[in-house]
Amino acid sequence: MRRVLVVFGTRPEAIKLAPVIKEFGKYPERFQCITCVTAQHRQMLDQVLNLFEIEPDHDLNIMQKNQTPKEALVNALNGLEDVYAGEKSEIVLVQGDTTTTLAASLAAFYQRIKIGHIEAGLRTGDKYNPFPEEINRRLTSHLADFHFVPTVRARDNLLKEGIKEKKIFLTGNTVIDALLEVAGRDYEFKDTRLRELKGKVILVTAHRRESFGQPLENLCLALKEIAQKTEAVEIVYPVHLNPRVQQTVYPLLDGVPNIHLLEPLDYEPFVHLMKKSWLILTDSGGIQEEAPSLGKPVLVTRKVTERPEAVEAGTAKVIGTDKETIIENIHLLLQDESVYRRMSRAINPYGDGRAAERIVRQLESA
Ligand code: UD1
Ligand code: UDP
């Protein structure tokens with residue numbers, strides 16, 4: 001029996017680890033899976049825990065309003081020390097590139113516990129983009145013992161950094177496991193605004209720290225202009241709970257006709273809203289992975305992406321955060337049907353829905 005401690009803290013980690021936790025549950029005679037949430041996020045994490053019926057064994061409840069990465073890191077490290085000492089697991093599993101990912105890896109290293117890193121190997125090569133995630137994931141790679149990479153490119157990134165090939169396992173991204181399961185459910189929107197959407201739905205999300213200030217303002221001003229000049233579109237924008245995001249978005253966009261500002265949506269309505277969308281504008285990592293599987297074009301409002309596979313396949317485009325460039329790119333898709341069609345092919349560069357199965361199988365022998 002292997003004791004595995006799964007540590008996570010934010011919405012995207014929870015979505016991407018839910019399939020892995022479920023998979024461990026199929027083999028109670030081989031694995032004891034213990035879950036610990038730092039709760040770096042609170043409401044947005046709890047939404048996912050409820051949906052996937054995960055009841056954490058430990059909850060550090062660290063989130064503070066407007067926290068800095070340093071505050072979250074220190075609080076997570078302090079809490080994790082005791083959990084690790086008490087649980088004495090053989091391995092700690094972490095996901096992605098958040099503050100929780102780094103804290104959980106570092107705390108495990110200090111106690112000489114083996115570390116498995118899911119979604120390893122993503123890189124932009126740019127230290128400050130995304131900030132601080134690019135450094136979080138690089139550091140995590142050098143703390144980890146097993147690396148579960150979603151794509152061949154991610155594996156190559158690790159090989160270039162000197163990580164040993166026999167410690168790298170190509171699995172696909174578990175987000176596709178979660179997505180396919182939830183997208184396959186019958187769902188009817190409870191929010192009448194979502195039920196009654198007509199026309200071309202543009203779904204927007206934005207929360208990256210490097211976009212705070214002018215870049216996020218530019219995005220909002222571009223959306224306002226598009227909404228005012230194009231009757232055929234309806235913009236739906238679930239606004240991230242980070243106060244830095246809310247304080248920019250609401251004053252600029254609240255009350256603009258054709259723009260619906262919402263609270264962050266639960267994963268199930270969000271997935272069904274992606275399915276209903278005509279176009280997605282986002283700086284999110286997870287959404288860049290999900291949208292191609294649903295055949296939805298993505299305009300990425302960032303300088304660079306660590307997920308170039310969909311860009312190379314032609315279904316995602318990195319457009320930056322200049323107001324006029326954002327408007328031009330939306331106009332191009334509105335005006336040229338053939339460009340839109342090319343960007344809306346369904347492709348699956350990030351996984352086939354069986355990543356969790358491969359990860360758990362590898363952990364049996366790791
Ligand atoms: C973090 C991750 C980022 C991920 C994002 C997902 C790091 C360094 N970054 O972003 O990679 O893409 O989460 O959304 O870990 N808040 C709430 N309730 C919540 C969640 C957040 O009120 O459920 C507010 C709080 O005021 C909190 C703030 O948002 O202080 C920022 O949360 P935080 O986890 O620090 O966000 P990021 O670091 O920006
Ligand atoms: N998501 C959600 N509700 C929302 C916005 C996003 O459930 O209102 C989901 C989305 O489908 C994806 C994940 O949250 O799986 C992405 O989270 P986020 O963009 O916060 O973080 P990132 O992926 O950039 O780390």
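Atoms within each ligand, like the ligands themselves, are counted from 1 in listed order. Start at 1 with the first residue, then count along the sequence. The shown structure was predicted, so the numbers you read here are calculated from the model rather than taken from an experiment.
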Between Arg123, Lys167, Arg138, which is the residue that forms a salt bridge (Lys or Arg N to Asp or Glu O under 4.0 Å) with Glu161?
Arg123

Nitrogen or oxygen of Thr98 less than 3.5 angstrom from that of ligand 1:
no

Ranked by distance from atom 19 (O) of ligand 2, the top protein heavy atom is Ser284 OG, 2.7 Å

Measure the distances from the heavy atoms of Gln47 to every atom of ligand 2 and state whether one is below 4.0 angstrom.
no

Atom 9 (C) of ligand 2 [closest protein heavy-atom partner, distance rounded to 0.1 Å]
Ile15 CD1, 3.8 Å

Using the rule side chain to side chain contact (heavy atoms under 4.5 Å, CB included), only one of Arg11, Arg208, Gln246, Glu263 pairs with His240; which is it?
Arg11

Nearest non-hydrogen protein atom to atom 33 (P) of ligand 1, with distance, is Gln67 NE2, 3.4 Å

Heavy-atom nearest neighbour in the protein, as seen from atom 31 (C) of ligand 1, with distance rounded to 0.1 Å:
Asn242 ND2, 3.2 Å

Closest heavy-atom approach to atom 6 (C) of ligand 1 among Arg208, Arg11, His41 is made by His41

If you compare Lys65, Met63, His240 by their heavy atoms, the one closest to atom 22 (O) of ligand 1 turns out to be Met63

Atom CZ of residue position Phe131 - does it have more than 12 heavy atoms of other residues, nucleotides or ligands inside 6.0 Å?
no

Nearest protein heavy-atom contact for atom 23 (O) of ligand 2: which residue, which atom, what distance?
Gly286 N, 2.7 Å

Considering only heavy atoms of Pro12, which atoms of ligand 1 have at least one such atom less than 4.0 Å away?
6 (C)

